[in-house]
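Here the structure is a predicted model, which is why all the values come from computation and not from measurement. Order of the sequence lines fixes the chain letters, A, B, ..., with proteins taken first and strands second; residue numbering starts at 1 for each chain.
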Number of protein chains: 2
Amino acid sequence: MATLRDVAKAAGVSVGTVSRVLNDSPNVSEAKRELVLKVMKELDYQPNFMAQNLGRKRSQTGEFGVVITGIDNPANAEMVRGATEEATKHGYTVMLCTAWTTQEIKRYLEAFIRRQVEGVAVASYMDQRTLLTVAELQTRGIPLAVCIDAEWPVAKGGKEHNFDGIATVAFESASTCEQAVQYLIALGHQRIAIIAGNAELNEADPRVMGYKNALQKAGIAYDRRLIFRGGSDTIMTGYRSMQEILARGRGISAVFGFNDLLAIGAMRALHEAGLRVPEDMSIMGFDNILMSGYVNPSLTTINVPKYEIGRDLIKQLVGVINDEPISHECLGTNFVVRQSTGLAPGSV
Amino acid sequence: MATLRDVAKAAGVSVGTVSRVLNDSPNVSEAKRELVLKVMKELDYQPNFMAQNLGRKRSQTGEFGVVITGIDNPANAEMVRGATEEATKHGYTVMLCTAWTTQEIKRYLEAFIRRQVEGVAVASYMDQRTLLTVAELQTRGIPLAVCIDAEWPVAKGGKEHNFDGIATVAFESASTCEQAVQYLIALGHQRIAIIAGNAELNEADPRVMGYKNALQKAGIAYDRRLIFRGGSDTIMTGYRSMQEILARGRGISAVFGFNDLLAIGAMRALHEAGLRVPEDMSIMGFDNILMSGYVNPSLTTINVPKYEIGRDLIKQLVGVINDEPISHECLGTNFVVRQSTGLAPGSV
DNA sequence: CTGTTAGCGCCTTCAG
DNA sequence: CTGAAGGCGCTAACAG
């Protein structure tokens with residue numbers, strides 16, 4: 001493994017000059033630059049990354065760390081795509097970590113810090129605990145960008161967190177959820193259940209907020225027994241939650257899955273139970289993953305700008321690195337009506 | 001940012017001692033160890049990763065790099081899960097890179113090398129070019145593990161590659177594909193099309209081999225016009241390919257998608273065209289992603305041990321690091337019959 | 001424009 | 001068991 005010193009010696013110049021051509025310094029004569037470049041090639045010289053960044057004040061690793069919770073959710077994959085493409089555009093590389101628990105996220109965050117990535121983006125909806133963990137990064141001086149629900153965090157009783165030092169990309173979903181639930185109500189649905197998966201269930205969740213608002217405006221009482229948690233955001237959980245709903249049988253005619261995977265799993269359970277969607281039960285999801293347009297029946301859902309979120313997270317990180325002021329952005333969501341929702345049974 | 005020297009000074013010991021406790025050397029008295037640990041905590045000391053690995057002969061970064069092509073394919077996500085869990089078990093962390101092109105893969109591989117990961121696993125089916133790129137890693141002395149088709153590479157005319165220095169996890173799919181196609185033939189299907197997505201189409205592809213073998217044994221002529229490529233392994237491509245198949249109308253009654261995403265997209269196109277699966281057309285996939293059991297109708301497919309592949313890739317890397325001999329492994333696949341395949345129309 | 005000289009923060013011999 | 005000294009490969013001031 002040739003070193004910078006070897007190159008200098010072989011080229012008959014000083015290490016300083018070699019270092020300069022390595023770092024594209026303009027203060028090198030074209031002749032020497034070419035000479036050095038040639039020698040580097042001959043010796044198959046590879047700069048030592050560790051050594052390079054050891055002596056630098058602000059390390060330039062050319063890498064961003066991106067954390068997502070659950071690679072198995074296509075919605076996350078889409079955010080990663082946005083982040084990766086944007087990073088590439090700026091000459092950065094994305095290191096991805098998939099962590100399922102707060103514990104793991106913390107571990108990976110530490111790995112990123114050690115590796116001195118130039119910024120970290122968290123491209124998944126986080127709960128409070130996770131956010132606090134992530135926020136520590138600020139103190140280490142690493143630019144941070146997170147994706148949050150627009151109305152979050154306002155959980156009563158929860159610790160408020162100050163986002164001053166953190167770039168955020170938020171998406172507004174409460175009003176869209178409200179609109180979606182109003183749509184279900186307009187179709188005659190009175191008892192609308194929620195399959196919440198792994199979501200933290202508190203009044204702060206924009207989806208819950210939208211749901212409650214719609215109910216209230218329609219004069220329908222909020223019944224918390226209609227909310228089903230399942231512990232994870234997977235198809236399987238959606239499937240099981242629907243089985244539970246069916247077993248309980250509370251006259252529910254519509255179900256709002258907090259993500260599309262949950263909703264798709266729910267539809268499967270319905271199918272196996274011999275029930276039709278939407279004739280017997282309406283199903284609505286959240287995220288609008290690609291798959292949702294291709295399942296049968298296609299899924300009515302709320303579209304979240306996943307690609308854009310990933311992209312803007314990186315955009316903001318790049319901004320911070322270039323000493324631009326930290327910014328906060330809010331993207332919209334929209335309701336996508338497809339075939340999994342219809343008139344409530346008997347409401348013709 | 002406190003340094004090792006600061007800790008030594010504050011604790012009244014030498015840097016050597018601090019370094020020793022940092023590296024869990026047994027040659028430190030319990031008293032000093034505790035003292036140093038305490039001081040470290042007080043000073044919030046964080047060892048400098050770059051400095052640590054600079055002076056070491058064999059760097060211990062505690063990280064593996066994993067490359068996948070397309071995070072948007074749940075099959076890949078599953079392999080990543082296997083890899084991540086296995087790595088965690090051994091105290092390693094996984095850095096993931098999602099690259100779509102050989103070009104990108106190369107870039108990421110270089111990033112991994114620079115970062116001195118302790119091993120690299122490629123957890124996607126690769127084509128020849130990509131493999132050659134990846135193989136360069138060997139020359140840099142970084143342990144490498146790749147996932148390959150069992151019969152690959154044997155493409156006629158293609159450069160043979162020597163896998164001696166590379167740990168491999170292969171999966172046997174030709175015979176399973178053959179069995180699957182035989183099943184379709186037994187159901188009365190004579191013209192069976194293939195939606196190949198982005199696969200390299202050559203005789204070496206085990207899936208193609210299995211397909212041709214089955215046809216031959218049944219005395220059905222191989223017609224290459226029945227093979228539809230689409231350029232990518234996505235739902236969208238499956239959807240479009242099926243539209244193409246429908247437009248051509250060659251009396252095709254069954255379609256074999258080279259991955260489940262392709263098959264699911266194809267089913268959607270059928271649905272929109274007013275055709276029923278499997279009554280009008282049988283559909284079969286490959287991979288057995290979780291979703292396949294939940295779409296409607298559920299998808300008949302070939303199960304690939306995705307989790308196990310990811311897991312074993314890391315297992316082998318760990319083995320190489322521990323100076324065990326490089327190994328080659330072959331996992332099996334199996335045919336999963338569900339509801340998307342049935343009797344050929346008119347063959348009752 | 002170029003060469004020289006200190007370190008960067010840590011590990012790793014060595015003596016003791 | 002402990003301390004002291006000498007780099008690891010490179011960048012970053014400096015002088016010239």
N or O in side chain of A:Thr3 less than 4.0 angstrom from D:dG9 OP1/OP2: no
Atom pair CG/CD of B:Leu144 and B:Gln316 - distance to nearest 0.5 Å: 10.5 Å
Basic-acidic side-chain contact under 4.0 Å: A:Lys38, A:Glu42: yes
Atom pair OG/CD of A:Ser19 and A:Gln52 - distance to nearest 0.5 Å: 8.5 Å
Value in whole Å for how far the C1' atom of C:dC8 lies from CG of A:Asn53: 11 Å
N/O (side chain, A:Gln52) to phosphate O (OP1/OP2, D:dT11) under 4.0 Å: yes
B:Asn48 CG - D:dG9 P separation (whole Å): 17 Å
Interatomic distance, B:Lys9 NZ vs D:dG3 P [rounded to whole Å]: 15 Å
A:Arg56 CZ to C:dG9 C1', straight-line distance once rounded to whole Å: 16 Å
Sugar-phosphate only, base, or nothing, as touched by B:Phe49 at under 4.0 Å among non-hydrogen atoms: nothing
A:Gln103 atom CD: more than 12 heavy-atom contacts under 6.0 Å: no
Atom pair OG1 (A:Thr69) and CG (A:Asn198), whose distance is rounded to the nearest 0.5 Å: 8.0 Å
Ionic contact status for B:Glu104 with B:Arg107, cut-off 4.0 Å: no
Contact residues, residues 17-39 of chain B to DNA chain C [heavy atom, < 4.0 Å]: B:Ser19, B:Leu22, B:Asn23
Side-chain ion pair, B:Lys106 and B:Glu110, N-O less than 4.0 Å: no
Touch class at under 4.0 angstrom, heavy-atom based, for B:Leu4 against every strand present: sugar-phosphate
Length of the line joining A:Leu54:CG and D:dG7:C1', which is rounded to integer Å: 12 Å
d(CZ, A:Arg5; C1', C:dA6) in whole Å: 12 Å
Closest-nucleotide ordering on DNA chain C, the 5'-leading residue of B:Gly16 and B:Met50: B:Met50
